[in-house]
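This report refers to the structure that appears directly beneath it.
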Amino acid sequence: MLGQIDAEIKERGGIEAYQSASTQGQTSKRGGDSSKKLVEWLQSDTYKEKLENVNALEIGCLSPRNFISTCGIFTDVTRIDLNSQDALIMKQDFMERPLPQDESEKFNLISCSLVINFVPSPKERGEMLIRMTKFLKSPKNGMSTLFMVLPLPCVANSRYFDNDRFLAIMKYLGFHQTFYYEANKVAYWLFDWNGKRNSGTKFPKKELHSGSSKNNFCITIS
Ligand SMILES: C[S@@+](CC[C@H](N)C(=O)[O-])C[C@H]1O[C@@H](n2cnc3c(N)ncnc32)[C@H](O)[C@@H]1O
């Protein structure tokens with residue numbers, strides 16, 4: 001199966017063509033850049049007082065010209081991607097990024113838009129969420145916020161996952177939802193982190209919704 005997918009990617013122009021097509025999908029003409037929603041939320045009354053001297057980490061960055069980088073809110077945006085196509089995006093696997101040694105190496109905001117669904121297994125997706133908490137600044141030191149975007153079918157049409165399950169996992173990791181928006185094809189969340197990640201409870205894969213038309217998307221914490 002993997003061989004077949006690799007062959008198809010090659011036939012369509014390889015990973016560079018894929019990244020380039022995804023980047024073009026983000027241009028405003030194509031209605032793409034999800035960080036527009038993030039910036040709209042950050043400019044609301046809930047956040048506008050907290051925006052002094054804030055930095056951001058964009059995981060899975062396709063363009064340094066996205067709204068998150070051009071809005072002028074962040075003093076600094078660190079951009080990483082597994083397959084960087086731009087000198088301003090560091091080629092790096094977030095799961096391999098060295099853990100911060102102190103607060104100065106952490107971020108006020110992490111953006112993770114349409115990335116978790118890219119991660120191969122439910123277990124690795126859960127590990128990625130846990131790892132994000134290690135990169136967020138303590139809420140005592142200002143804004144400590146996570147922007148998440150997933151394809152809507154991940155929470156609206158999965159056999160093993162839905163929004164309630166996602167919010168239960170996020171709550172367990174110390175996150176509280178401040179904004180949510182459901183578009184036709186994608187769902188957006190903004191979460192504040194309280195600095196306290198729980199441990200002990202497990203979120204295994206279990207069937208929540210039955211039906212042959214359901215997909216198998218899932219995030220587990222073990
Ligand atoms: C569908 S694109 C989405 C990009 C963009 N954030 C958006 O919202 O349109 C997913 C990107 O996530 C990147 N990605 C997936 N897993 C990653 C990881 N572990 N570390 C860094 N980037 C990752 C992929 O290389 C890909 O470019």
Side-chain angles (χ1 to χ4, degrees), residues 2 5-6 8-10 12-42 56-71 73-74 77-100 105-107 109-136 145-155 166 179-191 215 217-220:
L2 267 178
I5 293 167
D6 277 349
E8 262 179 46
I9 289 178
K10 219 171 191 178
R12 292 178 194 183
I15 196 77
E16 286 79 14
Y18 168 79
Q19 291 288 125
S20 156
S22 303
T23 309
Q24 282 165 30
Q26 286 196 320
T27 63
S28 53
K29 273 192 225 144
R30 307 279 299 271
D33 183 2
S34 62
S35 60
K36 247 197 230 167
K37 184 51 78 186
L38 165 68
V39 172
E40 178 194 314
W41 286 339
L42 292 180
L57 170 67
E58 186 179 7
I59 304 171
C61 177
L62 291 179
S63 167
R65 288 163 292 282
N66 280 349
F67 238 51
I68 185 172
S69 290
T70 58
C71 63
I73 289 177
F74 300 101
V77 178
T78 300
R79 309 173 195 91
I80 64 169
D81 197 281
L82 288 180
N83 303 296
S84 167
Q85 296 296 299
D86 192 297
L88 296 173
I89 304 169
M90 187 190 300
K91 183 175 162 66
Q92 185 178 61
D93 180 347
F94 174 64
M95 300 309 286
E96 304 287 327
R97 184 178 172 85
L99 288 174
E105 293 179 5
K106 296 185 182 181
F107 299 91
L109 178 113
I110 295 179
S111 168
C112 184
S113 167
L114 299 173
V115 175
I116 291 258
N117 52 296
F118 222 86
V119 172
S121 72
K123 184 170 185 283
E124 288 167 289
R125 293 176 194 137
E127 285 165 358
M128 196 174 207
L129 288 176
I130 293 170
R131 193 173 176 83
M132 284 180 212
T133 63
K134 300 180 181 170
F135 285 83
L136 279 171
T145 300
L146 172 63
F147 178 60
M148 278 288 306
V149 183
L150 284 173
L152 188 57
C154 294
V155 288
F166 184 43
F179 283 99
Y180 176 66
Y181 177 70
E182 215 172 274
N184 278 343
K185 293 183 179 164
V186 286
Y188 304 75
W189 295 259
L190 199 59
F191 294 99
N215 66 63
F217 181 81
C218 187
I219 300 176
T220 59

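Each ligand, and each atom within it, is numbered from 1 in the order the structure gives.
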Nearest non-hydrogen atom to atom 22 (N) of ligand 1 belongs to which of Ile116, Leu82, Val149? Leu82
For atom 27 (O) of ligand 1, the option (of Asp81, Val186, Val119) bearing the nearest heavy atom: Asp81
Give, for atom CD1 of Ile110 and atom OG1 of Thr133, the distance between the pair rounded to the nearest 0.5 Å. 8.0 Å
Residue Leu114 vicinity, atoms of ligand 1 by number, heavy atom under 4.0 Å: 1 (C), 2 (S), 3 (C), 8 (O), 10 (C)
Expected output: side-chain Asp93 to main-chain Leu82 donor-acceptor under 3.5 Å: no
Checking contacts here: is it the side chain or the backbone of Met128 that comes within 4.0 Å of ligand 1, counting heavy atoms only? Could be both or neither. side chain
For side chain to side chain contact (heavy atoms under 4.5 Å, CB included), just list the numbers for Arg65 and Leu88, CA-CA rounded to whole Å, side-chain angles, deciding distance to a tenth of an Å, and then say yes or no. CA-CA 10 Å; Arg65 288 163 292 282; Leu88 296 173; 5.5 Å; no
Does the side chain of Tyr188 reach to within under 4.5 Å of the side chain of Phe147, using non-hydrogen atoms? yes
Taking 4.0 angstrom as the limit, do Arg79 and Asp86 come out as a salt bridge? no
Between Ser34 and ligand 1, find which residue part has any heavy-atom pair under 4.0 Å and reply side chain, backbone, both or neither. side chain
Interfacing atoms of ligand 1 (cut-off 4.0 Å, heavy-atom, Gln92): 20 (N), 21 (C)
Side chain to side chain contact (heavy atoms under 4.5 Å, CB included) between Thr78 and Arg97, worked out: CA-CA 12 Å; Thr78 300; Arg97 184 178 172 85; 3.9 Å; yes
Counting both backbone and side chain atoms, is some N or O of Ser113 under 3.5 Å from an N or O of ligand 1? yes
d(Phe118 CZ, Ser113 OG) to nearest 0.5 Å is 11.5 Å
How does Phe118 reach ligand 1, if at all, at less than 4.0 Å between non-hydrogen atoms: by side chain, backbone, both, or neither? side chain
Those atoms of ligand 1 less than 4.0 Å from some heavy atom in Phe94: 18 (C), 19 (N), 20 (N), 21 (C)
Residue part near ligand 1, for Leu62, under 4.0 Å between non-hydrogen atoms: side chain
Report yes if the side chains of Asn184 and Leu152 come closer than 4.5 Å at any heavy-atom pair, otherwise no. no
Taking N or O atoms only and a 3.5 Å limit, does Gly60 qualify as a polar contact for ligand 1? yes
At less than 4.0 angstrom from any non-hydrogen atom of Asp93, what atoms of ligand 1 do you find? 18 (C), 19 (N), 20 (N)
